[in-house]
Amino acid sequence: MKTPSVQPYLRKPPWFKVPPPYARHSHHIRATLAGLNLHTVCQEACCPNIAECFADGTATFLIMGNICTRNCLYCNVMHGKPQPLDRQECDRLAKAVRDMNLNYVVITSVTRDDLPDGGAYFFAECIDRLRRENPEIKTEVLIPDFRGNAAALDKTIKAAPNVINHNMEVVRSLFGRLRPQGNYTLSLNILRHVSRRAVIAKSGFMVGLGETNDDILSLMDDLASTGCARLTIGQYQQPTRKHWPVARYYHPEEFAKLKEIAYQKGFQHVESGPLVRSSYHAAREV
């Protein structure tokens, strides 16, 4: 399905201004990542919090390359045929974490449907490598759906990260159009499987893509029913004119209300705001 192209960009409201990443520590982190040939989703997905997080000395590492086998209509990560896995990447990741003096590490990946287990073993290998470097380190992984492969998911769970995040991204009514290679029910089942183990389950979604308030409440109910403990809610931004257009910008007061509702539905920790993304303030939750 082609992305709508006739709608112009909506002008960003005044509360949606993002500071440029000029902080000294931000430049240090960029240099460290470049020197070790590592990717971050912060850079690949044009995250609006890149200045704040880099200045705080935090980053979400993107493993297994930067080319995704899927093509979601809201995402700015490159898609196509990925390169073979780099078996030295885990070692370089551990070195970067050590050089950046991190105690909480978020690891995510592009979707690798080309791999038999979707890259689950590689997630586990990275977690193990970080723990050998620093047994006290806390890890959060933001995983793809592994095409519903329960054995693959169990590989990641067995590595015992502190948090396993799997984002729903969009409401049910838009899921098929925006995530045509994904499956709404399958993603819920992943979170349900995680929450039944001794691992914290987390998810997140964006608003501003054309959903209704009832759509949002329904998604929250679906997530709560899985036992998902943590939730992030943020504003969608259109990366380029080739991507899905922004339907509207939510006011900070609306995000505050969504946060209140989420807590009422039983979530244990909620981040909700215009600039919130899935790993925003992740270390503050532990």
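If you're wondering where the values come from, they're calculated on a predicted model, not measured in any experiment.
- Under a 3.5 Å cut-off, the side chain of Thr69 and the backbone N or O of Thr111 do form a donor-acceptor pair.
- Side chain of Glu211 to main chain of Ser173: no donor-acceptor pair is present (N/O by atom type, distance under 3.5 Å, no hydrogens or angles).
- By the 30° and 60° cut-offs, the orientation of the rings of Phe123 relative to Phe146 is perpendicular.
- A donor-acceptor pair is defined here as one N or O able to donate and one able to accept, closer than 3.5 Å; no such pair exists between the side chain of Ser187 and the backbone of Tyr184.
- The CG atom of Asn167 lies 8.5 Å from the CG atom of Leu191; values are rounded to the nearest 0.5 Å.
- Looking at Asn162, its side chain does come within 3.5 Å of a backbone N or O of Thr139 through a donor-acceptor pair.
- For the pair Arg196 (side chain) and Gly227 (backbone), a donor-acceptor distance under 3.5 Å is absent.
- With hydrogens and angles disregarded, a donor-acceptor distance shorter than 3.5 Å links the side chain of Asp215 to the backbone of Thr212.
- To the nearest 0.5 Å, atoms CG (Leu209) and CD (Glu169) are separated by 9.5 Å.
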Salt bridge (Lys or Arg N to Asp or Glu O under 4.0 Å) between Glu133 and Arg129, worked out: CA-CA 6 Å; Glu133 182 77 27; Arg129 181 65 183 82; 3.4 Å; yes
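- Formation of a donor-acceptor pair under 3.5 Å by the Lys12 side chain with backbone atoms of Gln237 is not found in this model.
- Distance CG/Asn213 to CD/Glu254: 9.0 Å, rounded to 0.5 Å.
- Here the side chain of Arg112 pairs a donor or acceptor atom with the backbone of Met64 at under 3.5 angstrom.
- Here the side chain of His269 pairs no donor or acceptor atom with the backbone of Ala229 at under 3.5 angstrom.
- Distance alone, capped at 3.5 Å, is enough to place a donor-acceptor pair between the Gln235 side chain and the Tyr250 backbone.
- Ser272 OG to Leu231 CG: the interatomic distance, rounded to the nearest 0.5 Å, is 8.0 Å.
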